[in-house]
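Note that the coordinates shown come from a computational prediction; the quantities given were computed from them, not determined experimentally.
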Amino acid sequence: MNQLTLSLQFGKFDEVALHRAALPRHKVARWLRAALQSDAEITVRVVDAAEGQSLNRDYRKKDYATNVLTFDYTLEPVVTADLVLCAPVVAQEAKAQGKTLEAHYAHLLVHGALHAQGWDHDEDEDAQVMELRESEIMARLGFDNPY
């Protein structure tokens with residue numbers, strides 16, 4: 001099994017306790033490890049809409065809060081990345097998609113971990129391959145197909 005150094009951080013926002021409960025450290029580590037193909041050092045930060053929007057605007061030039069942002073720094077010999085999850089967006093999407101908060105967080109962490117390793121979904125073919133990989137990982141973790 002790959003080594004994972006994990007920093008799990010929560011910003012200050014309403015309902016932070018709900019999000020902490022959906023993201024116990026041992027599960028976050030398990031979900032990330034399932035998607036990793038090498039050793040990794042990953043920081044997971046759960047933020048409010050204002051911080052999520054600010055980061056998306058400043059780094060992606062998109063002025064809205066998105067569910068997950070991946071900041072990947074190195075691929076070799078160790079994957080190093082920050083994954084930023086926007087709690088209100090994740091909660092809204094989970095509700096709209098009829099998923100538990102835990103299942104949606106698990107999917108977004110797998111998705112972000114794949115991005116951190118160079119996976120992408122800008123082209124249709126890449127998106128299909130990445131979605132299939134995510135679905136396989138989620139099934140191994142005991143979750144339904146996220147798509």
Side-chain angles (χ1 to χ4, degrees), residues 1-11 18-49 51-147:
M1 182 175 293
N2 296 315
Q3 293 295 313
L4 171 64
T5 303
L6 172 64
S7 174
L8 181 57
Q9 305 171 0
F10 291 85
L18 175 74
H19 295 270
R20 280 185 186 275
L23 290 164
R25 183 180 181 77
H26 70 281
K27 287 187 179 181
V28 171
R30 182 171 169 253
W31 300 334
L32 290 171
R33 276 193 189 101
L36 292 170
Q37 295 175 299
S38 63
D39 293 347
E41 296 174 4
I42 296 178
T43 297
V44 173
R45 181 163 171 79
V46 183
V47 302
D48 64 8
E51 187 173 345
Q53 181 173 353
S54 174
L55 289 167
N56 202 26
R57 181 181 59 241
D58 293 351
Y59 292 96
R60 294 182 62 229
K61 309 299 182 225
K62 297 184 179 183
D63 195 15
Y64 58 88
T66 190
N67 52 18
V68 61
L69 291 167
T70 301
F71 297 93
D72 54 328
Y73 306 112
T74 64
L75 294 175
E76 295 175 349
V78 175
V79 172
T80 56
D82 294 337
L83 304 181
V84 179
L85 296 147
C86 184
V89 174
V90 174
Q92 177 189 27
E93 289 178 349
K95 184 177 180 183
Q97 296 171 20
K99 297 178 183 174
T100 65
L101 192 56
E102 178 183 80
H104 198 39
Y105 269 125
H107 175 225
L108 293 173
L109 287 166
V110 165
H111 183 86
L114 290 177
H115 273 308
Q117 296 171 94
W119 291 73
D120 208 345
H121 52 78
D122 289 338
E123 304 295 326
D124 285 344
E125 186 177 321
D126 293 339
Q128 289 175 0
V129 172
M130 187 167 173
E131 287 175 11
L132 178 61
R133 179 78 177 130
E134 289 172 44
S135 297
E136 290 169 349
I137 293 167
M138 293 299 288
R140 280 202 324 265
L141 290 169
F143 291 101
D144 290 338
N145 184 330
Y147 295 101

Exercise answer: donor-acceptor pairs, residues 77-101 side-chain atoms, under 3.5 Å, sequence neighbours excluded:
| residue | atom | partner | partner atom | Å |
| --- | --- | --- | --- | --- |
| Thr80 | OG1 | Thr74 | N | 3.1 |
| Thr80 | OG1 | Thr74 | OG1 | 2.6 |
| Asp82 | OD2 | Tyr73 | OH | 2.7 |
| Glu93 | OE1 | Asn67 | ND2 | 3.0 |
| Glu93 | OE1 | His104 | NE2 | 2.8 |
| Glu93 | OE2 | Asn67 | ND2 | 3.3 |
| Gln97 | OE1 | Lys99 | NZ | 2.8 |
| Lys99 | NZ | Pro146 | O | 3.2 |
| Thr100 | OG1 | Ala103 | N | 2.9 |

Quick one: side chains of residues 30-47, donor-acceptor pairs under 3.5 Å with protein atoms, not counting sequence neighbours, listed by atom name and distance.
| residue | atom | partner | partner atom | Å |
| --- | --- | --- | --- | --- |
| Asp39 | OD1 | Gln3 | N | 2.8 |
| Arg45 | NE | Glu51 | OE2 | 3.0 |
| Arg45 | NH2 | Glu51 | OE1 | 3.3 |

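Residue pairs meeting the salt bridge (Lys or Arg N to Asp or Glu O under 4.0 Å) criterion with at least one member in residues 60-75, sequence neighbours excluded: Arg57-Asp63. Sorted by first and then second residue, the side-chain hydrogen bond (donor to acceptor under 3.5 Å, both in side chains) pairs involving residues 121-143 (not counting sequence neighbours) are His107-Glu134, His111-His121, His111-Glu134, His115-His121, Glu134-Tyr147, Ser135-Asn145.
Between atom CG of residue Leu23 and atom CG of residue Leu109 there is a gap of 6.5 Å, rounded to the nearest 0.5 Å.
With sequence neighbours left out, the side chain to side chain contact (heavy atoms under 4.5 Å, CB included) criterion links Asp58 to Ser54. With sequence neighbours excluded, no residue forms a ring-ring contact (aromatic ring centres under 6.0 Å, His included) with Tyr64.
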Candidate pair Trp119 and Val129, rule side-chain contact (heavy atoms from CB on, under 4.5 Å), full reasoning: CA-CA 9 Å; Trp119 291 73; Val129 172; 3.7 Å; yes

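Summarising the local packing, CG of Asn2 is surrounded by more than 12 heavy atoms from other residues, nucleotides or ligands at distances under 6.0 Å.
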